[in-house]
**Student:** 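My structure is below; once you've seen it, I'll send some questions.
Just the heavy atoms: all of them, side chains too, but no hydrogens, waters or symmetry mates, feed the values below. Ligands are counted one by one from 1 in listed order, and the atoms in each one are counted from 1 as well. Heads up: numbering here begins at 1 and tracks the sequence. Computed from a predicted model, the values in this text were never measured in an experiment.
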Amino acid sequence: MNRCILCQSIIVSPLLFADLFFMVKNEEYLCSICRLSFRKIDKNCCPSCQKSGSSELCSDCMLWQERGHPICHTALYQYEKNMADYFVRYKLWGDYQLRFAFSKEVKENLRKWRGYTVVPIPVSDHRYQERGFNQVEGFLEAAGITYYPLLKKAEVEHQIGKGRRERLEMEQVFELKQSLKVSKGVLLVDDVYTTGATLAQAKKIIYENVSQNVFTFSIAR
Ligand SMILES: [Zn+2]
Ligand SMILES: [Zn+2]
C-alpha cells in the first residue's frame, strides 16, 4: 500500500494483471488529486523555452538568441502556486523524500536523450551544507538516471532583488571539475527554469569545453 508523499492519502491504483505477473514495482508516489494539481506545460508556449501564454518566441529567448546562445529547453510542468509550494517543502524544508514526486515523468522524458551525458546543475557548497542534498541530483537519482556531476558552482550573491536584465547578464558562475569526453552530447538538468540565465551559463561552458550538442531540461518552467 503506497501513500502519497505530499498529502499522505492512500494511493488507489488499478493493479494490472501484467504488473502482478512481472512483479513490476509500483512507481506511483502521488495520489491522483496531488498529481492533477500540477499543471503540465501549456501547448501554447514559447518554442524555445516553453514559457506558457504565447506560441511566439518570448523576449528572453530573443535576447539569448541575439547574444548567440539560442535556447532549446524542455520542461515538464508550469511553475505556478502548487509547484512553488512543492519546491518550498522539497528545497527549503529539506523533505528529501519528495524527490520521488516526478520520478516517473523524468524517467519517461529523459528517454529522448538516450546516449547523452546527463549533467545536473550544481548547488553551491554553502547551499549543499545547509540543505544536505542537491535537489537536481535527487530528482535524477529517484528516476534511476545515471548522471555526471561535471559542474561546480562558485558562491555568488543570491538572485533575489536583482532585475531580470541584470540576472540575464550575470558573469559565468560555473567551472568544470575536470575534462570529459562525451559520445553523443550533453543534457543539462535543472529544477526550475526562470530567466534561463543559470542554464545559459552552464550551456556556454559545456559548449566551449565539452560538446557543441547541448540540450537543457527542467522539472518546472
Ligand atoms: Zn496526494
Ligand atoms: Zn522563450
**Student:** What protein atoms of element N, O or S are positioned under 2.8 Å from the Zn ion (ligand 2)?
**Tutor:**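 C46 SG, C49 SG, C58 SG, C61 SG, with waters left out.
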**Student:** Among F87, F217, Y77, Y90, exactly one meets ring-ring contact (aromatic ring centres under 6.0 Å, His included) together with F102. Which residue is that?
**Tutor:**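 Going through the options one by one, the only one that passes is Y77.
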**Student:** So, Y116 versus N213: side-chain donor-acceptor pair below 3.5 Å or not?
**Tutor:**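 There is such a pair between these side chains.
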**Student:** Taking D85 first and then R89, would you say they form a salt bridge - that is, a charged N and a carboxylate O separated by under 4.0 Å?
**Tutor:**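 Result for this pair is no, no salt bridge flagged.
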**Student:** So what does the C7 SG - the Zn ion (ligand 1) - C31 SG angle come to, to 10°?
**Tutor:**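 If I round to 10°, I get 110°.
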**Student:** Given the rule that I, L, V, M, F, W and Y join up when any side-chain heavy atoms are under 4.5 Å apart, are Y86 and I33 in one cluster?
**Tutor:**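 No; I33 is not reachable from Y86 via cluster members.
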**Student:** For atom NZ of K91, is the number of surrounding heavy atoms from other residues, nucleotides or ligands below 6.0 Å larger than 12?
**Tutor:**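 Buried by this count: over 12 neighbours within 6.0 Å.
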**Student:** Say whether S218 and H73, considering side chains only, have a donor N or O and an acceptor N or O under 3.5 Å apart.
**Tutor:**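 There is such a pair between these side chains.
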